[in-house]
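A quick write-up on the structure given underneath.
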2 protein chains.
Amino acid sequence: MGRPARHHRETLLESARDLSAQHGPQNLTIARVARRANAPVGSIYHRYKSRAELLGAVWLDLVETFQAQFLACLEGPDPAEAGLASLRFSLGWIAEFPREARLLLLHRREDFAADAWPATYRRRAQRLTAAADRAMANYAERLLGRTDADAMRQVRWLLVDLPRSALRRELEEGGASPAGARELLMATCSFALRRARRQAA
Amino acid sequence: MGRPARHHRETLLESARDLSAQHGPQNLTIARVARRANAPVGSIYHRYKSRAELLGAVWLDLVETFQAQFLACLEGPDPAEAGLASLRFSLGWIAEFPREARLLLLHRREDFAADAWPATYRRRAQRLTAAADRAMANYAERLLGRTDADAMRQVRWLLVDLPRSALRRELEEGGASPAGARELLMATCSFALRRARRQAA
DNA sequence: GTAGTTTTAGAATATATATTCTAAAACGAT
DNA sequence: ATCGTTTTAGAATATATATTCTAAAACTAC
């Protein structure tokens, strides 16, 4: 069976995730991961073919678990209410996993060396965007009754960008938002969703 | 007077700005700037002490000119209307200077090597944030009648983050937003500003 | 023309970091 | 115990890029 492993994929991934959250994925170095995990660099390359693959694993793992739950929120019967549910889910998620949230909200896919990913990772990423596109189109059809470019854009803004703008600041400032700020966010999203639907009708 | 200069601060800065907008400031290399400007690297170091100083000049120039105009929009008599005016200004600005807008919207100050800036640059940056803080506090007082942490947060979200969420997508998708998306943005911001004021009263 | 100055020009150097490589350790099976 | 295998361990290598350095060019003033 060979020499027993002291350093496993999962623990190395955790070190990489923590360090990426702390210093940003661009500044992740293999040497740092090694130091944090008390592992030699050789062991890291034994588990991951390259830095790009390690960073890709961080990103894909995170996005796959987050996105699945996020999109599930959109399935509710009333689209406007479902949109708010997805926002509530996000708020809860970043409270529960602040480190992971930093990674998703404060950095972009390219910061995780996406242009050097192996083919399998590219396929995983494509599946993610395909699933998101499907869900967005489905949601657009239900909220606005159409799925043209304009509709997709509105939906993406309503569900992704608008909430993200508030969550970002929540993270950068540290603690959870005060009551007033959160109320304002919810009310605004609620208004925007209902107005979009009203205009469509 | 010495040998006449073929490469001036300003033209080198332009090259750096264009390349940063195209490939991201993190990926700006001195060699690339040299090639783009048809200048030897020595001439670049003759004008700028370091890569950090060059990137800092890109960022500071941009933010100083943008922020001054942006904050001026907030001076109007009716705070809610002034907030919308600042949004209109931003929309016009990114239509007029799409390359520069990429830099401001898609990247953060740290991406411009802010941690290695010389003291003079740090001071310029401090002046910028001080001016922004003053303007935000002043605006918060006018819109909400208070300037505590909660109020500041709401104002920052209303004036900065919320608009930015839409402008970001506008840039990433290329062309200007379709009519529906822009209407939705304006209506939402208008609602949010007025609701914040209403709640405060 | 000579001296002084600024700028060009790009080669040489330094440094950081990803990646590879060699040797040995630690196990199971025979 | 020996062999085959997996993993550790970290030194050696490769590469990219910022920065420095030396020489010369191109001007002005005298």
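What you see is a predicted model, and the numbers here were worked out from it, not measured in a lab. To find a chain, count down the sequence lines: A is the first, B the second, and so on, and within it residues start at 1.
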Taken in chain and number order and not counting sequence neighbours, the residues that satisfy salt bridge (Lys or Arg N to Asp or Glu O under 4.0 Å) with Glu75(A) are none
Nearest-Å distance, [atom1] ([X]) to [atom2] ([N])?
| X | N | atom1 | atom2 | value |
| --- | --- | --- | --- | --- |
| Tyr48(A) | dA18(C) | OH | P | 16 Å |
| Arg35(B) | dT8(C) | CZ | P | 19 Å |
| His46(B) | dA25(D) | NE2 | C1' | 13 Å |
| Gln26(A) | dA18(C) | CD | C1' | 17 Å |
| Ile44(B) | dT17(D) | CD1 | C1' | 13 Å |

Letter by letter from the 5' end, nucleotides 19-30 of chain C scores (B base, S sugar-phosphate only, - none; protein heavy atoms under 4.0 Å) BB----BBBS--
query = Hey, does Arg47(B) reach any base, or is it just sugar-phosphate, or nothing, if we go heavy atoms under 4.0 Å?
reply = sugar-phosphate
With a non-hydrogen cut-off below 4.0 angstrom, is Leu28(A) in contact with a base, only sugar-phosphate, or nothing?
-> sugar-phosphate
Phosphate contact ([N] OP1 or OP2) by [X] side-chain N/O below 4.0 Å:
| X | N | result |
| --- | --- | --- |
| Thr29(B) | dT17(D) | no |
| Arg32(B) | dT17(D) | no |
| His7(B) | dA9(C) | yes |
| Arg6(B) | dA25(D) | no |

Can we say [X] and [Y] salt-bridge, meaning some charged N sits less than 4.0 Å from an Asp/Glu carboxylate O?
| X | Y | result |
| --- | --- | --- |
| Arg156(B) | Asp133(B) | yes |
| Asp150(A) | Arg153(A) | no |
| Glu64(B) | Arg127(B) | no |

Verdict with supporting geometry, Asp18(A) and Arg36(A), salt bridge (charged side-chain N to carboxylate O under 4.0 Å, His left out)
CA-CA 9 Å; Asp18(A) 289 354; Arg36(A) 161 74 72 113; 3.5 Å; yes
Report task. Hey, can you tell me if Phe97(B) and Trp93(B) have their rings parallel, tilted or perpendicular (30° and 60° cut-offs)? Result -> tilted
Is the terminal nitrogen or CZ of Arg109(A) (NZ for Lys, CZ for Arg) located under 6.0 angstrom from the six-membered ring centre of Phe112(A) and within 45° of that ring's axis?
no
